[in-house]
Student: 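Quick one: the structure is below, and I'll ask about it shortly.
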Number of protein chains: 2
Amino acid sequence: MTTPRIEDVAAAAGVHRSTVSRAFSRPEAVRQETRDHVLRVAASMGYTMSPLAQALRTKSSTLVPLIVPDITNPFFAELAKAMRAAAGERGYQLVLCVTENDATATAGYLHAMRSMYAPFGVIAPLTQLDPAEFEPFGFGSRLVVIDRMAPDYHGPTVTVDNVKGIRLAFDHLVALGHRSIAYVAGIVGTHTAADRREAYHALARANDMAPLEFNEGIGAEAGERAAEHLANMDGRPSAVIAANDVVAFGLISALGSRGLSVPNDVSVVGFDGLALGASGNPPLTSVRQPITEMGRMGIELAERGADSGRAEHVVLRPRLLIRSSTGVAR
Amino acid sequence: MTTPRIEDVAAAAGVHRSTVSRAFSRPEAVRQETRDHVLRVAASMGYTMSPLAQALRTKSSTLVPLIVPDITNPFFAELAKAMRAAAGERGYQLVLCVTENDATATAGYLHAMRSMYAPFGVIAPLTQLDPAEFEPFGFGSRLVVIDRMAPDYHGPTVTVDNVKGIRLAFDHLVALGHRSIAYVAGIVGTHTAADRREAYHALARANDMAPLEFNEGIGAEAGERAAEHLANMDGRPSAVIAANDVVAFGLISALGSRGLSVPNDVSVVGFDGLALGASGNPPLTSVRQPITEMGRMGIELAERGADSGRAEHVVLRPRLLIRSSTGVAR
DNA sequence: CTGAAAGCGCTTACAG
DNA sequence: CTGAAAGCGCTTACAG
């Protein structure tokens with residue numbers, strides 16, 4: 001059973017292949033009777049068009065790449081899930097491209113994006129993204145970045161209001177009576193990372209607290225390192241804000257191994273609001289990024305950017321997800 | 001700056017396009033001087049071949065689909081990571097296809113696999129996979145399944161020795177003095193799920209224990225439900241084996257919310273050995289699936305199956321990863 | 001060793 | 001409204 005080609009359908013339906021093509025791609029351009037007949041014949045043969053041949057001919061496809069550094073990071077996994085759904089609704093196929101944070105791999109995917117005639121794409125960075133790396137590809141406003149970018153960057157971006165997110169976390173802790181709040185970084189290079197960190201410092205100053213930042217390692221490991229220091233510290237802060245949920249997981253885990261209990265000994269707030277956080281021990285209080293919304297906006301902005309050539313910047317509002325890793329200061 | 005085509009390179013190099021094609025695809029078929037010259041000219045123009053046109057012409061591509069139900073499930077995320085690396089090493093591009101466990105979506109990807117001329121593919125199921133759903137596509141031994149399949153299934157498979165895995169967990173708990181060990185299912189339909197469950201029951205019987213199985217809900221929720229029951233139970237088992245790590249996370253979290261501490265009150269063993277388990281509170285003891293190995297074997301079997309038409313079945317050995325969620329029975 | 005030609009499976013001006 | 005023709009960017013027997 002060989003796959004039927006357009007020519008086979010045309011022969012079976014007794015029309016020219018251009019008519020078959022139109023019946024599928026521009027149905028209004030063919031007489032209804034003819035169209036129905038052609039479509040019926042095609043269906044009976046199990047015919048579908050070759051996306052490859054279509055892409056080659058029209059120089060456009062419905063493949064949209066999402067370029068992420070690491071799919072085992074639950075934030076990117078949730079983002080991918082949301083974007084896949086959003087892309088699917090609009091008739092696109094999301095192609096997940098994982099770079100392992102390697103610039104060569106990224107360039108490879110951008111190249112592939114062009115050779116596959118992708119209409120647009122989305123890139124979510126983990127560390128500093130150098131616009132010089134992708135501007136040569138000339139995607140312009142057809143490539144959206146999931147991060148804040150430098151003010152002189154002229155492509156579309158979608159991000160969350162990180163300053164507000166950190167404020168949500170900080171205010172929550174202050175309201176619980178905490179007067180000494182530390183910050184664990186653990187993400188590096190992105191504007192997102194810088195924004196969160198700076199927001200923390202500003203807030204600490206504004207509240208007359210001495211800022212205390214731990215900034216060793218990346219991800220869960222950063223949390224573990226911070227826990228070491230916290231465990232051995234006199235005048236330990238009563239609360240910690242982690243730059244993201246994975247950092248918070250590592251922190252809580254290592255705190256527990258050292259006999260420190262969350263939230264009894266230390267309150268912890270994460271950032272991301274991952275679904276997995278609900279299954280933490282304790283369930284993690286976290287600044288929730290509207291990931292589904294980010295996915296949808298990412299696709300929307302990319303599509304609009306491809307149409308209009310205009311680069312929009314969307315900043316989404318975070319919410320505080322209060323679960324059980326924060327409690328009143330003792 | 002328009003992308004150069006093969007004809008542009010041919011013109012610039014003063015040869016026919018067939019020579020350019022050979023210089024790239026069958027370098028031994030062209031005189032060395034000519035080849036070097038062509039390649040140099042091509043490089044100077046930033047030329048690369050169109051994978052689209054190549055695939056259309058040769059009816060083969062290097063795109064290999066990995067079909068998974070849910071990328072936010074860390075097991076599939078880790079599998080995807082491993083497979084991407086394995087595929088990349090062999091010159092293939094892994095295309096991640098997420099089905100959300102929907103049969104229509106799966107069929108769509110299998111269809112795409114054919115129309116993209118994928119040389120082979122890999123599918124990792126979450127629930128029962130009905131061979132009837134994909135056998136019509138006629139992939140034969142070019143589609144490997146990451147699960148044990150029914151004995152009469154004739155495609156290649158790679159899976160872990162689940163019986164042995166459960167035994168590892170069980171024996172570990174028995175060695176710690178546990179005489180009452182429960183099981184939380186939380187995965188459903190796959191042969192993997194059935195094998196783990198049955199192994200537990202067999203082991204309980206062999207050790208003269210009354211089997212106690214919790215089987216409500218899926219994933220983390222299954223763990224939470226089990227925790228409810230455990231918290232309200234007289235003669236609570238001192239240890240629990242969870243069907244996978246995500247179930248274990250939910251279990252430990254909900255146990256904690258009810259004032260039960262792991263491993264002091266209950267020991268918990270997971271299954272998967274996710275990296276994330278190391279950042280659990282406490283770090284999760286788990287039966288480690290050799291995910292990297294599974295990824296590599298999956299690609300290898302698929303490639304060999306495509307070449308030879310033979311379907312191999314690989315069963316990998318699990319290991320016990322002893323972390324901190326298990327302790328001696330009180 | 002290299003070139004000319006046919007063709008992979010489509011689309012789309014252009015005629016009629 | 002439909003057909004005939006050219007062409008998207010390649011590859012590969014076939015000659016020479």
Side-chain angles (χ1 to χ4, degrees), chain A residues 1-42 45-63 111-119, chain B residues 1-42 45-63 111-119:
Chain A
M1 70 159 226
T2 167
T3 336
R5 300 149 306 137
I6 197 169
E7 203 65 66
D8 301 324
V9 177
V15 297
H16 191 262
R17 67 168 175 284
S18 48
T19 302
V20 178
S21 175
R22 289 190 199 99
F24 277 92
S25 310
R26 305 163 58 201
E28 72 290 352
V30 47
R31 192 159 56 101
Q32 181 173 339
E33 264 178 68
T34 319
R35 180 179 67 223
D36 291 350
H37 174 235
V38 166
L39 259 22
R40 204 170 305 117
V41 170
M45 302 173 74
Y47 172 76
T48 56
M49 296 224 154
S50 159
L52 229 52
Q54 285 186 302
L56 182 61
R57 185 56 238 236
T58 64
K59 290 169 177 275
S60 72
S61 76
T62 55
L63 266 24
H111 191 93
M113 171 174 166
R114 189 158 60 189
S115 47
M116 292 303 209
Y117 298 112
Chain B
M1 74 158 223
T2 166
T3 336
R5 301 150 305 140
I6 196 169
E7 203 65 66
D8 301 324
V9 177
V15 297
H16 190 262
R17 66 169 176 283
S18 50
T19 302
V20 178
S21 175
R22 289 189 199 98
F24 279 91
S25 312
R26 305 162 60 202
E28 72 291 350
V30 48
R31 194 159 55 102
Q32 178 172 340
E33 265 177 66
T34 318
R35 180 179 67 222
D36 291 349
H37 173 237
V38 166
L39 259 22
R40 205 171 302 117
V41 170
M45 302 173 73
Y47 171 76
T48 57
M49 294 224 154
S50 159
L52 229 52
Q54 285 186 302
L56 182 62
R57 182 60 238 232
T58 64
K59 291 169 176 271
S60 73
S61 75
T62 55
L63 265 25
H111 192 92
M113 172 173 165
R114 189 158 59 189
S115 47
M116 293 303 210
Y117 298 113

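First the proteins, then the strands, lettered A, B, ... as listed; each starts at 1.
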Student: Name every donor-acceptor pair, under 3.5 Å, that has one atom in a side chain of residues 26-42 of chain B and the other anywhere in the protein, sequence neighbours excluded.
Tutor:
from	atom 1	to	atom 2	distance (Å)
B/Arg35	NH1	B/Pro27	O	2.8

Student: Kindly compute the distance separating OG1 (B/Thr3) from CE (B/Met45), expressed to the nearest 0.5 Å.
Tutor: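 So the gap between those two atoms works out to 11.0 Å.
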
Student: Taking only residues two or more places apart in sequence, or in another chain, which ones meet A/Ser50 in a side-chain hydrogen bond (donor to acceptor under 3.5 Å, both in side chains)?
Tutor: none

Student: Can you sort out which residues in residues 20-39 of chain A have a heavy atom within less than 4.0 Å of DNA chain D? Ascending by number, please.
Tutor: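 When residues 20-39 of chain A is checked for heavy atoms under 4.0 Å from DNA chain D, the hits, listed by number, are A/Arg22, A/Ala29, A/Val30, A/Arg31, A/Thr34.
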
Student: Does any residue of residues 10-19 of chain B have a heavy atom under 4.0 Å from DNA chain C, and if so, which ones, in number order?
Tutor: B/Val15, B/His16, B/Arg17, B/Ser18, B/Thr19

Student: In residues 45-54 of chain B, which residues come under 4.0 Å of DNA chain D by heavy atom?
Tutor: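 Here the set is B/Tyr47, B/Thr48, B/Met49, B/Ser50, B/Ala53, B/Gln54.
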
Student: If we take the P atom in both D/dA6 and D/dT2, what is their distance in whole Å?
Tutor: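 To the nearest whole Å, 23 Å.
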
Student: Could you tabulate the donor-acceptor pairs under 3.5 Å formed by side-chain atoms of residues 51-62 of chain B, not counting sequence neighbours?
Tutor:
from	atom 1	to	atom 2	distance (Å)
B/Thr58	OG1	B/Gln54	O	2.8
B/Thr58	OG1	B/Ser60	N	3.4
B/Thr58	OG1	B/Ser60	O	3.2
B/Thr58	OG1	B/Ser60	OG	3.2
B/Ser61	OG	B/Leu63	N	3.2
B/Ser61	OG	B/Met116	O	3.0
B/Ser61	OG	B/Tyr117	O	3.2
B/Thr62	OG1	B/Gln93	OE1	2.7

Student: Who pairs with A/Arg5 by salt bridge (charged side-chain N to carboxylate O under 4.0 Å, His left out), at least two apart in sequence or on another chain?
Tutor: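 Per chain and number, A/Arg5 pairs via salt bridge (charged side-chain N to carboxylate O under 4.0 Å, His left out) with A/Asp8.
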
Student: I'd like to check B/Phe24 versus B/Thr48 (side-chain heavy atoms, cut-off strictly below 4.5 Å). Are they in contact?
Tutor: no

Student: Requiring both pairing distances under 3.5 angstrom, list the stems that contain DNA chain C and are made of three or more consecutive Watson-Crick or G-U pairs.
Tutor: C:1-3 with D:14-16, C:5-12 with D:5-12, C:14-16 with D:1-3

Student: Would you confirm whether A/Ser25, through its side chain, and A/Arg22, through its main-chain N or O, come within 3.5 Å as a donor-acceptor pair?
Tutor: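 Not confirmed, A/Ser25 side chain does not pair with A/Arg22 backbone.
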
Student: With sequence neighbours excluded, what pairs up with A/Ser21 under the side-chain hydrogen bond (donor to acceptor under 3.5 Å, both in side chains) test?
Tutor: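 Once residues adjacent in sequence are excluded, A/Ser21 has no partner under the side-chain hydrogen bond (donor to acceptor under 3.5 Å, both in side chains) criterion.
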
Student: Quick one: which residue pairs count as a salt bridge (Lys or Arg N to Asp or Glu O under 4.0 Å) with a foot in residues 46-55 of chain B, not counting sequence neighbours?
Tutor: none

Student: Could I get the full list of side-chain hydrogen bond (donor to acceptor under 3.5 Å, both in side chains) partners for A/Arg17, not counting sequence neighbours?
Tutor: A/Glu7

Student: First and last nucleotide of DNA chain D in contact with chain B, 5' to 3', at under 4.0 Å to a heavy atom: what are they?
Tutor: D/dG9 to D/dA13

